[in-house]
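Before any comments, here is the structure.
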Protein chains: 2
Amino acid sequence: MADVAAEAHVSVKTVSRVVNHEPGVRPDTAERVRAVIERLGFRRHDGARLMRQGRTFTIALVVEDLANPFYSQIGAAVEREARIRQHQLITASAEGSPSRERAVIEALVGRRVDGIVVVPADESASSDAVLEASHTPIVYMDRPVRGTPRDTVLSDNQGGIRSAVEHLVAHGHRNIAFYGDDPAFWTARQRRDAFVATHEGLGLPSSPRVSMGPHTVGSVRETLIPWSAGPEPISAVITGNNRITLAVLLALRELRLPLSLVGFDDFELAALIDPPVTVVHQDPAAMGQKAAQQLFARLLGDESPAQTVVMPTRLIVRASGLRRAPLGR
Amino acid sequence: MADVAAEAHVSVKTVSRVVNHEPGVRPDTAERVRAVIERLGFRRHDGARLMRQGRTFTIALVVEDLANPFYSQIGAAVEREARIRQHQLITASAEGSPSRERAVIEALVGRRVDGIVVVPADESASSDAVLEASHTPIVYMDRPVRGTPRDTVLSDNQGGIRSAVEHLVAHGHRNIAFYGDDPAFWTARQRRDAFVATHEGLGLPSSPRVSMGPHTVGSVRETLIPWSAGPEPISAVITGNNRITLAVLLALRELRLPLSLVGFDDFELAALIDPPVTVVHQDPAAMGQKAAQQLFARLLGDESPAQTVVMPTRLIVRASGLRRAPLGR
DNA sequence: TGCGGGAATGACAGCGTTGTCTGACCACCG
DNA sequence: CGGTGGTCAGACAACGCTGTCATTCCCGCA
């Protein structure tokens, strides 16, 4: 900028004015400055500018793994919200590790990002102190965090599972099993609890059959065999996420068990699988958008108490959930 | 930092030294400073630091749409490379628009990112001047760009298609159709050309049957019907990307045509579809990693001529490509 | 011709750091 | 007891920009 100023025989301030389209520069002066800028290939250093102004016009997104479609859809939505507000988005992966997440967040705070959207690795709020001290607004997604209440955007896990159970029951199923993920995950617990609650609420026979934990085709098979034989054989399965849906699907195929299936989480091509899989669809893009909007509201000065938004889920009925329950019993 | 300095009765420089673990501070002084830092919740402002140092320790990734698995896998890989080098990653979507891409790149250059990885929206190199002037290293991915040679990481489209054709021919197919994407896309042209070339190279009967353009189930059906009837009916199809694979799959299912299929691009659950789809797998994660590594090499001063790397593809054989061609004709 | 007043321009400080250089202090040696 | 050399600490400028305020310019008018 100093070079341009010298070359155009004006002060740096005048160059600054021209660059920022501020008023108060005579057209011919502005023209001259612009010519020099063009000739020298000058480009404003936004880092310096932003530092002067105390804001970075940057927000950040911290997730476990960007390659995971759930997170990448969130990423795309958050980026979009950022872009239309002239902000840039820094994305970072914590790889599921709370300590790495903490390090990442500290680095982001060090850069003075204006705000952060996080899908937290655990519920420990380990970065709370840092965020508090730096007054960096944060929005949590997909699972809540203990401690100081913060803006949070969740999926309606309970409603989703409930709709799945009800759907199956409406089609005559009375014996339904649930395969959930490791109960260390909050969402896994939510879904399991919703299954059990709905199961009991509807007064289904026998106690709910639930299998939690990381699942493989093998681990699924082990429970699937006894549950589908015996006196009260299951006729349908609900799964807690799409990895498990996959495992169950493979196990069912392998064992040639024609059970109904409703999976939590939609996935690409669920419609093409044979049989097409009925799913509880959650909308990561909508969640991401909501979270970003909430964050920007804070950036614009919204000081209302922290809010938790629960985004609706939707049952997408495809063939796999339609198979009628066997007659009798 | 000034506050800390005052409170600890030292100069800002000493605080700086403590913060950065520079030598030459007496342990007790350092301890005192650290205590004040802790008490005041001071945190170094990395923006200012980086500005002083002239580097931002930030790279950027510009793609069409982060939600697309191809790009998000690239994103995850690039982020990983950045993270292990203590850099941050800014991701930006151009939504396939060259002008938006240009605007995005200019904004990034304005922020003085250290380097950029781009999956270009078109071949026009519209940001070349900006990049040239700012000396920002750039690596292009997935498709080349005209003009000044730049580092580029491509997929072996030709080899991939060739292996698909050869695979089908080895299984007895003589009449194979190709459905490609809009020839406006460089990759679509590459794949089509490779199909035609291989087709001719192998001396297959009749002229190659090729259908390009954005495809829907409907548009596929329209050519599929005549091609699979008539004197030289096709017995296999090769598709140019996974959206088209999907359309063809649906069309085949609808028309109840038992043709063999090999798709370009793997996709989640390709193995679960009935029949499991044989695909030419390209590895976006490896491509992203390679591109990032190339970029960092430049950042470390590598001044060798621009390089084009072609990443191998791999044929993943599943049932859909194994069906034998009908005997006789 | 002188003057008032708005428009155009510039000087300067400061955003929060760090690199460079200078200075204070201390211990040790002859 | 003076000199030497090393350690620790601080002053200052600079990175590239912008906000504030002061100054200059120019025009119209009396």
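Only this structure's heavy atoms are used, side chains among them; waters, hydrogens and symmetry mates stay out. In what follows, chains carry the letters A, B, and so on, assigned in the order in which the sequence lines appear, proteins first and then strands, with residues in each chain numbered from 1.
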Without hydrogens or angle criteria, can the side chains of T58(B) and R111(A) be said to hold a donor-acceptor pair below 3.5 Å? yes
Using the rule side-chain contact (heavy atoms from CB on, under 4.5 Å), only one of V117(A), L108(A), I90(A), V119(A) pairs with V62(A); which is it? L108(A)
S304(B) and D302(B) side chains, donor-acceptor separation under 3.5 Å: yes
Who pairs with S126(B) by side chain to side chain contact (heavy atoms under 4.5 Å, CB included), at least two apart in sequence or on another chain? R102(B), S124(B)
Under the rule for salt bridge (charged side-chain N to carboxylate O under 4.0 Å, His left out), what residues qualify as partners of E132(B), not counting sequence neighbours? R150(B)
Does anyone know the first and last nucleotide of DNA chain D in reach of chain B, 5' to 3', at under 4.0 angstrom to a heavy atom? dC8(D) to dG16(D)
Table please: side-chain donor-acceptor pairs of residues 64-71 of chain B below 3.5 Å, with sequence neighbours left out.
| from | atom 1 | to | atom 2 | distance (Å) |
| --- | --- | --- | --- | --- |
| E64(B) | OE1 | Y71(B) | OH | 3.2 |
| D65(B) | OD1 | A67(B) | N | 3.0 |
| N68(B) | OD1 | F70(B) | N | 2.8 |

Could you work out, with salt bridge (charged side-chain N to carboxylate O under 4.0 Å, His left out) as the rule, every residue matching D151(A), not counting sequence neighbours? R298(A)
Got a sec? Which of residues 24-40 of chain B come in under 4.0 Å of DNA chain D, heavy atoms? G24(B), V25(B), R26(B), T29(B)
Contacts satisfying ring-ring contact (aromatic ring centres under 6.0 Å, His included) that involve residues 42-69 of chain A (not counting sequence neighbours) are F57(A)-H87(A)
Difference in axis direction between the ends of the helix from dT1(C)-dA30(D) to dG30(C)-dC1(D), five pairs, 10°: 70°
Results of side chain to side chain contact (heavy atoms under 4.5 Å, CB included) for A107(B) - residues two or more places apart only: Q88(A)
Listed in order of residue number, which residues of residues 45-53 of chain B have a non-hydrogen atom at under 4.0 Å from DNA chain D? M51(B), R52(B)
Above 12 or not: heavy atoms from other molecules or residues under 6.0 Å from CZ of R80(B)? no
Residue that, paired with L154(B), satisfies side-chain contact (heavy atoms from CB on, under 4.5 Å) out of V309(B), T308(B), T187(B), D142(B): T308(B)
In this structure, CD of Q289(B) is separated from CD of Q294(B) (nearest 0.5 Å) by 12.5 Å
Residues in contact with DNA chain C, drawn from residues 7-23 of chain A - heavy-atom cutoff 4.0 Å: H9(A), V10(A), S11(A), K13(A), T14(A), R17(A)
Roughly how far apart are D114(A) CG and R55(A) CZ, rounded to 0.5 Å? 4.0 Å
Which pairs pass ring-ring contact (aromatic ring centres under 6.0 Å, His included) with one or both residues in residues 101-134 of chain B, sequence neighbours excluded? none
Could you tell me how far apart F57(B) (CZ) and dT18(C) (P) are, to the nearest whole angstrom? 12 Å
Using only heavy-atom distances, determine whether the side chains of D181(B) and N241(B) contain a donor-acceptor pair under 3.5 Å. yes
Using atom CZ of R44(B) as one end and atom P of dT17(C) as the other, report the distance to the nearest whole Å. 9 Å
Is R43(A) touching bases, backbone alone, or none of the nucleic acid, heavy atoms closer than 4.0 Å? sugar-phosphate
